[in-house]
Amino acid sequence: MTAAESSAAAPAPSDFIRDIVAAHVAEKRYAKIVTRFPPEPNGYLHIGHAKSICLNFGIARENAGRCNLRFDDTNPVKEDIEFVDSITTDVRWLIAGWADEVLGVKAKGTTPALVPALGRPDYFQPPATPGSGIETEAFFASDYFTALYDCAVELIQRGKAYVCDLSAEDTESFRGSPELPGRDSPFRNRSAAENLDLFRRMKAGEFPNGARSLRAKIDMAAPNLWLRDPLLYRIRHVPHHHAGAAWCLYPLYDYAHCLSDYFEGITHSICTLEFVDHRPLYDWLLGSLDLPRALPHQYEFAKLTLGYTLVSKRKLLRLVQENKVAGWDDPRMPTLAGLRRRGIPAHAIRQFVANLGVTKHDSLTDVAVFEHTIREALNHSSERRLAVLKPIKIVLTNLAPGEVLVCQATNNPQSESPTTRAVELTREVFIESDDFAEVPPPKYFRLKPGGEVRLKYACIIKLDEIVKDSAGAITELRCTADLTTRSGQPNCDRKVKGTIHWVSAEQAIDAEVRLYDRLFTVPEPGASEDFLSLVNPHSLETVQAKLEPSLAASAAPTCYQFERLGYFTPDTKESAPARLVFNRTITLRDAWAK
RNA sequence: UGCCUGAUGGUGUAAAGGUAGCACAGGUGACUUUGACUCACCUAGUCAUGGUUCGAAUCCAUGUCGGGCAGCCA
């Protein structure tokens with residue numbers, strides 16, 4: 001692991017949430033700090049989730065605590081097993097080598113046990129003890145359906161919840177508006193016995209979808225809309241991807257989430273700003289049950305918004321459904337799967353998030369910050385190779401056909417003890433067509449008529465003649481190589497303004513290279529519902545490139561720097577030794593282009 | 001006309017009554033067998049108005065502007 005990859009060397013980040021946790025640790029409020037990352041399995045994880053993952057796992061890691069991966073799977077109509085698999089993979093990838101020892105999982109198939117605590121019934125879902133050899137899985141809110149149901153019964157018995165027969169439309173109109181108080185449901189004052197009977201029958205499947213709901217009995221005139229008798233349960237006659245066909249009664253987020261946190265012994269329940277309004281409800285529900293153990297508390301931070309990027313599962317789903325991209329893991333997607341396939345290392349994402357900070361105000365992060373972090377990480381870890389994306393042929397007229405000059409190329413100048421490899425100069429080579437200009441602009445350092453450039457690791461060449469076909473298209477450039485400027489030769493230190501990359505035409509191997517650019521044409525694609533029309537039509541350009549032969553055996557996830565071009569990695573899905581396919585992770589910074 | 005929440009260079013953040021700092025972006029130069037990297041220097045900020053104080057980004061008041069909330073989504 002290089003210094004850049006070793007997050008342990010970096011100082012622990014500080015922010016207002018970590019300050020709160022630190023204060024709790026100082027006063028020994030909890031035996032152990034326990035956080036959780038609670039995705040709903042209805043889409044792929046994206047760069048915005050990375051912020052939450054790094055925050056929650058980071059806090060657990062910094063405090064010798066634990067962070068549970070928990071699927072918040074209370075809405076079976078939107079969820080799918082495909083997503084629980086992808087999310088599990090992506091979380092493990094992002095935290096691997098960094099916080100995997102604090103990942104909280106449980107014994108497969110287990111649900112919270114009903115135990116007495118302090119003379120009261122209590123539910124607790126213990127994490128799996130590492131190394132015990134048992135099969136484990138993530139936590140699932142759906143594993144708590146029975147415990148959740150029992151708590152709802154308790155709420156009813158305490159007069160804090162009731163079964164409501166209002167339709168969805170009536171429920172909405174009875175709720176009032178921000179300015180106007182709501183009105184009590186006509187079913188609000190049913191007896192506990194009647195509520196219990198109805199709720200049991202809801203569970204038994206006696207009523208159709210939407211016929212009845214269970215509601216918290218709080219205050220229909222509350223200024224906070226989430227306190228106006230929010231729904232706790234709704235009827236959905238659909239099977240569940242994890243719980244199977246056992247239920248037709250499913251809890252809503254607000255009810256399931258706070259109790260799931262409690263069942264798992266979560267101490268700090270960290271979520272994004274849109275849940276601030278829900279916090280009083282979170283506290284009300286837990287406070288209404290007379291629970292014996294310490295209660296979790298909710299803290300909120302501003303989610304990540306990244307320039308030129310969409311950070312919304314719903315909108316990302318549309319991109320996939322309408323074939324604007326080749327799938328959730330298209331390398332242009334801001335999903336963790338897409339970024340991984342693009343060649344961006346997990347530690348670069350972690351570093352990016354650490355640089356971001358955590359606050360309570362919305363902001364728009366410049367993509368340049370992300371790009372800088374990626375380049376910084378890759379610059380240290382990537383070996384250099386020579387590759388020509390858009391080839392133009394050069395003939396070195398003073399080399400004989402078949403003549404081979406072996407040159408030594410540095411693999412990584414950033415490493416403490418750089419190694420080298422051989423690259424072979426031959427009479428015919430390819431250079432980048434951008435590195436030649438028949439009519440050069442001012443201050444052009446590269447090859448031009450009568451001019452000289454250095455072929456990197458080889459020698460200086462001089463352009464003598466431009467050969468064109470009958471249509472006027474350039475077919476080759478005839479040059480003279482100054483072999484006294486090769487490394488180790490008397491004139492090796494001779495300076496010319498430009499140094500360019502090249503590959504031997506005889507030895508080059510072919511590869512498809514996919515050049516990616518930002519997916520959207522505007523800084524805030526998420527601000528518009530018309531985001532599909534803002535997709536950058538040039539976000540993918542495919543070229544047939546010529547690579548130095550050492551690249552023949554390359555395979556993901558190794559990332560290379562193609563000198564003077566950028567960072568490239570073999571595609572995980574489509575690259576094979578017989579047919580190489582590279583993705584451009586990111587270009588090099590290019591001051592000249594400006 | 002409700003409730004919640006926020007405001008520091010272009011962008012993202014730090015400063016817990018005591019020198020407004022860091023990173024990115026931008027600019028200039030040095031170095032360079034990557035117009036990369038690296039290095040040096042530069043540009044640029046406390047929403048407004050009052051108040052408290054020897055001293056305010058920070059505390060108080062008022063205002064302005066922004067974000068969120070009326071799913072049987074999470």
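For clarity, every value in this text was computed on a predicted model and none was experimentally measured. Naming: A, B, ... by sequence-line order, numbering from 1 per chain.
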Partner of [N] by Watson-Crick or G-U wobble geometry, both contacts under 3.5 Å, or none?
N	result
B/rC65	B/rG6
B/rU38	B/rA30
B/rC59	B/rG51
B/rA20	none
B/rA70	none

How do A/L273 and A/N379 order along RNA chain B: which one's closest nucleotide is nearer the 5' end?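 This one resolves to A/N379.
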Tell me which of A/F16 and A/R486 sits closer to the 5' end of RNA chain B, going by the nucleotide each one is nearest to.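 First, find each residue's nearest nucleotide; the 5'-ward one identifies A/F16.
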Write down the distance separating the [atom1] atoms in [N] and [M], rounded off to the nearest Å.
N	M	atom1	result
B/rG27	B/rU52	C1'	43 Å
B/rG51	B/rA44	P	30 Å
B/rG9	B/rC59	C1'	25 Å
B/rU8	B/rA20	C1'	8 Å
B/rU43	B/rU11	C1'	15 Å
B/rA23	B/rA61	P	37 Å
B/rG29	B/rG35	C1'	15 Å
B/rG50	B/rC41	P	38 Å

Does [N] have OP1 or OP2 sitting under 4.0 Å from an N or O in the side chain of [X]?
X	N	answer
A/R175	B/rC72	yes
A/T74	B/rC73	no
A/R375	B/rU34	no
A/H372	B/rC24	yes
A/K497	B/rG35	no
A/R234	B/rA74	yes

Out of [options], whichever nucleotide has its closest atom nearest the side chain of [X]:
X	options	value
A/H361	B/rG68, B/rA70, B/rU13	B/rU13
A/T499	B/rG12, B/rU34, B/rG6	B/rU34
A/V276	B/rU5, B/rC73, B/rG67	B/rU5
A/S363	B/rC72, B/rC4, B/rG12	B/rG12
A/D277	B/rG2, B/rC4, B/rA36	B/rC4
A/E563	B/rU34, B/rA74, B/rG35	B/rU34
A/A591	B/rA36, B/rA16, B/rU34	B/rA36
A/R589	B/rC37, B/rC24, B/rA70	B/rC37
A/E172	B/rC24, B/rA70, B/rU5	B/rA70
A/T359	B/rU13, B/rG12, B/rG6	B/rU13

State yes or no: are the ring centers of [X] and [Y] separated by less than 6.0 Å?
X	Y	result
A/Y253	A/F275	yes
A/F71	A/F83	no
A/F520	A/Y308	no
A/F139	A/F263	no
A/Y162	A/F187	no
A/F145	A/H240	yes

[X] near the nucleic acid: base, sugar-phosphate alone, or nothing, with a heavy-atom cut-off under 4.0 Å?
X	result
A/G210	base
A/P413	base
A/C492	base
A/L364	sugar-phosphate
A/F275	base

Output the rounded distance in Å from [atom1] ([X]) to [atom2] ([N]).
X	N	atom1	atom2	result
A/D362	B/rA7	CG	P	11 Å
A/F370	B/rG12	CZ	C1'	15 Å
A/N42	B/rA74	CG	C1'	7 Å
A/Q414	B/rC39	CD	C1'	13 Å
A/D254	B/rC69	CG	P	13 Å
A/Q298	B/rC69	CD	C1'	14 Å
A/L565	B/rU34	CG	C1'	9 Å
A/Y233	B/rG71	OH	C1'	18 Å

For A/S177, is there any backbone N or O sitting under 3.5 Å from a side-chain donor or acceptor partner on A/R228?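 Present.
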Does any N or O donor sit under 3.5 Å from an N or O acceptor when you compare the side chain of [X] with the base of [N]?
X	N	answer
A/R564	B/rG35	no
A/D366	B/rG12	no
A/R454	B/rU33	yes
A/E300	B/rU5	no

Apply the syn/anti split at 90° from 0 to B/rG6 and say which one it is.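 Because its glycosidic torsion lies more than 90° from 0, B/rG6 adopts the anti conformation.
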At a heavy-atom distance below 4.0 Å, what parts of residues 214-228 of chain A sit against RNA chain B?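 Within residues 214-228 of chain A, the residues near RNA chain B are A/P223, A/L225, A/W226.
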Determine, answering yes or no, if A/Y253 is stacked on B/rA74 under the 5.5 Å centre rule and the 30° plane rule.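 Here the ring of A/Y253 and the base of B/rA74 are not stacked, as the 5.5 Å and 30° limits are not both satisfied.
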Plane angle bin for A/H49 and A/H46 - parallel if under 30°, tilted between 30 and 60°, otherwise perpendicular: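 Plane angle between 30° and 60°, so tilted.
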More than 12 heavy atoms of other residues, nucleotides or ligands under 6.0 Å from [atom1] of [X]: yes or no?
X	atom1	value
A/K448	NZ	yes
A/K315	NZ	yes
A/E416	CD	no

Salt-bridge present (A/R421, A/E383; N to O < 4.0 Å):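 Salt bridge absent between A/R421 and A/E383.
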